[in-house]
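Shown next, in structure tokens, is the structure this report addresses.
Computed from a prediction, not measured in an experiment: that's the story for all the values here. Order of listing sets the numbers, starting from 1, for every ligand and every atom in it. Sequential numbering from 1 along the given sequence is applied to the chain's residues. Both backbone and side-chain heavy atoms feed into the values below; hydrogens, waters and symmetry mates do not.
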Amino acid sequence: MLVGIVGKPNTGKSTFFAAATLIDVAIAPYPFTTIQPNKGVTYVRAKCPHVELGLPKCDPNNSKCENGIRLIPMNLLDVAGLVPDAHLGKGLGNQFLGDLAAADCLIQVIDCSGKTDAEGKQTDSYYPGNEIHFLEDEIAWWLQGILKRSWAKVKGGNVDSVLGVLSGLKVTRLEVEKAAEKASLSLGGINWGDEDLLNFSREIQKLSKPIIFAANKIDVTGAKENLEKMKAEFPDRLIIPCCAEAELTLRRANDKGLIKYVPGDADFEAIGNLNDKQKAALEFIRENIMKKYSGTGVQQLINSAVFDLLKLIVVYPVEDENKYANHFGKILPDAFLVPKGATALQMAEKVHTDLAKHFIHAVDARKKMRIGKDHTLQDGDIIRIVAAR
Ligand SMILES: Nc1nc2c(ncn2[C@@H]2O[C@H](COP(=O)(O)OP(=O)(O)OP(=O)(O)O)[C@@H](O)[C@H]2O)c(=O)[nH]1
Ligand SMILES: [Mg+2]
């Protein structure tokens with residue numbers, strides 16, 4: 001899974017990325033600090049079932065477990081800033097949107113303090129709500145451009161022609177069909193005009209590259225008011241307050257053994273020798289950000305992108321439903337992210353195609369109950385797949 005971090009320049013994308021991955025990247029108070037994309041690994045946070053099952057420990061293999069919290073890895077990509085009319089070549093243009101082709105969803109970082117203008121330059125009061133539409137528009141124009149350039153292959157064609165042109169963009173057949181339906185367009189003998197193409201591209205963006213909004217720099221005066229205004233104006237969008245800088249400070253302090261902090265926690269514990277400056281900085285974060293927003297927002301955004309925007313759930317496959325273990329006796333080794341509504345058979349496919357091919361039945365390990373291939377899985381389920389050898 002890949003999540004792209006996008007937005008206009010100077011909003012804190014690289015700070016967010018550095019906080020989420022602990023990778024050192026260039027961060028500076030001016031536009032276009034990032035040109036080449038930064039790629040790294042971050043973690044989705046879920047409760048590890050070993051705690052509620054009363055097991056003394058677990059043995060994570062594809063993930064980590066810290067203080068009873070299961071951390072499931074996913075890829076994060078930080079790209080260059082995008083300015084309005086990037087599709088016409090403004091700023092760095094939008095060529096680098098191609099870097100985001102493989103993204104499952106996007107986190108758009110917004111400077112909620114309103115101290116950054118549309119081009120990423122410092123200003124006094126810019127309403128950040130202006131940014132909610134602009135990136136969606138740029139992506140739609142970018143998609144429209146791709147379709148237009150290959151129009152000879154699409155015109156007169158069908159769903160396969162569109163899929164062929166959009167291959168590599170992680171766009172599925174179902175998404176193409178749904179987008180055409182939403183835009184009231186026929187996928188038989190395609191004959192769309194410019195406006196149709198744009199409407200179709202807008203729907204593809206919503207389905208294939210959905211966006212969650214990080215209202216960043218929430219620590220700055222005026223940001224809270226802007227956040228409230230944006231939330232009222234866009235009640236249907238996922239907008240989460242965030243202080244990427246605070247998260248970066250916390251994670252670095254934790255890394256150095258100065259504090260104990262699991263990303264996403266609403267508080268931290270000082271454990272090392274802190275000097276007065278460090279103490280004051282951490283106390284500011286605790287009082288002015290964590291207490292007000294139940295954390296810094298960075299982990300909340302990553303989790304919300306996965307669970308609310310992409311609507312995934314966590315399922316734990318095991319081979320021994322009594323010990324919750326694999327055949328080596330490793331307890332709850334793997335955590336898989338699957339779509340909400342996935343069935344036991346779809347889960348088997350995700351673990352191994354052979355398991356799905358020879359599927360007999362599955363077992364809900366918590367309830368010790370046999371379940372069939374069409375059984376819908378729930379978040380946190382522990383499942384044993386029984387397949388013919
Ligand atoms: N006050 C405050 N400043 C922040 C926060 N996050 C980032 N910044 C600052 O905002 C400036 C821009 O940060 P970057 O992370 O480089 O922003 P960017 O969006 O990657 O910028 P480009 O790569 O140029 O597009 C830097 O001075 C950061 O220290 C935050 O949560 N609060
Ligand atoms: Mg950057």
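- Proximity to Pro9 (heavy-atom distance under 4.0 Å) selects the following atoms of ligand 1: 25 (O).
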Steps toward side chain to side chain contact (heavy atoms under 4.5 Å, CB included) verdict (Leu169, Leu143)
CA-CA 10 Å; Leu169 285 174; Leu143 290 167; 3.8 Å; yes
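- An angle of 80° is found at the Mg ion (ligand 2) between Ser14 atom OG and Thr34 atom OG1, rounded to 10°.
- In the model, Glu66 has no side-chain atom that pairs as donor or acceptor with a side-chain atom of Tyr43 under 3.5 Å.
- In the candidate list Lys217, Lys8, Gln122, Lys217 is nearest to atom 10 (O) of ligand 1, counting heavy atoms.
- Taking atom 6 (N) of ligand 1 as the reference point, the nearest protein heavy-atom neighbour is Asn216 ND2, 3.2 Å.
- A salt bridge is absent between Glu203 and Lys182: the closest approach of a Lys/Arg side-chain nitrogen to an acidic carboxylate oxygen does not fall below 4.0 angstrom.
- Among all non-hydrogen protein atoms, the one lying nearest atom 4 (C) of ligand 1 is Glu245 OE2, 3.6 Å.
- Salt-bridge annotation for Lys224 and Glu228: present, with a side-chain N of the basic residue lying under 4.0 Å from a carboxylate O of the acidic one.
- Taking distance alone, with nitrogen or oxygen atoms compared against 3.5 Å, Ala244 approaches ligand 1 more closely than that limit.
- Remark: Asp137 engages Arg202 in a salt bridge, criterion side-chain N to carboxylate O under 4.0 Å.
- When each atom of ligand 1 is checked for a heavy atom of Lys13 under 4.0 Å away, the hits are 15 (O), 17 (O), 18 (P), 19 (O), 20 (O), 21 (O), 22 (P), 25 (O).
- Checked by atom type and distance alone, the side chain of Asn254 pairs as donor or acceptor with a backbone atom of Tyr261 at under 3.5 Å.
- Residue contact check for ligand 1: Phe17 places no non-hydrogen atom closer than 4.0 Å to it.
- If you number the atoms of ligand 1 from 1 as listed, the ones under 4.0 Å from a heavy atom of Pro31 come out as 24 (O).
- Salt-bridge formation is not detected for the pair Lys178/Glu181: no Lys NZ or Arg NE/NH1/NH2 atom is positioned less than 4.0 Å from an Asp or Glu carboxylate oxygen.
- A side-chain donor-acceptor contact under 3.5 Å links Asp196 to the backbone of Gly193.
- Close approach to Gly81 involves these atoms of ligand 1, each under 4.0 Å from a residue heavy atom: 25 (O).
- Contact check for Lys115 versus Lys217: no side-chain heavy atoms found under the 4.5 Å cut-off.
- Heavy-atom proximity to Ser14, at under 4.0 Å, picks out these atoms of ligand 1: 15 (O), 18 (P), 20 (O).
- Heavy-atom proximity to Tyr30, at under 4.0 Å, picks out these atoms of ligand 1: 24 (O).
- Of all protein heavy atoms, the one lying nearest to atom 16 (O) of ligand 1 is Ala28 N, 3.2 Å.
- Of all protein heavy atoms, the one closest to atom 17 (O) of ligand 1 is Gly12 N, 3.0 Å.
- Of the polar atoms of Ile218, none of the N or O atoms is found under 3.5 Å from an N or O of ligand 1, judged by distance alone.
- Heavy atoms from other residues, nucleotides or ligands lying under 6.0 Å from CG of Asn62 number more than 12.
- Close approach of ligand 1 to Val220 (heavy-atom distance below 4.0 Å) involves ligand atoms 1 (N).
- Ion pair Asp194/Lys148 flagged as a salt bridge, since at least one NZ, NE, NH1 or NH2 atom sits closer than 4.0 Å to an Asp/Glu carboxylate oxygen.
- The protein atom (non-hydrogen) at minimum distance from atom 12 (C) of ligand 1 is Asn10 OD1, 3.1 Å.
- Atoms of ligand 1 found under 4.0 Å from any heavy atom of Asp219 (numbered from 1 in listed order, with element): 1 (N), 2 (C), 30 (C), 31 (O), 32 (N).
- Contact annotation: Thr33 places no N, O or S atom under 2.8 Å from the Mg ion (ligand 2).
- The existence of a salt bridge linking Glu52 and Lys47 is excluded, since no basic side-chain nitrogen approaches an acidic carboxylate oxygen closer than 4.0 Å.
- At the top of the distance list for atom 15 (O) of ligand 1, counting protein heavy atoms only, stands Thr15 OG1, 2.6 Å.
- Not a single N/O/S atom of Thr15, whether from backbone or side chain, sits less than 2.8 Å from the Mg ion (ligand 2).
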For this session: Take Phe234 and His133, measure what ring pair (Phe, Tyr, Trp, His ring centres under 6.0 Å) needs, and give me the verdict at the end.
Result: CA-CA 10 Å; Phe234 303 101; His133 284 296; 5.6 Å; yes
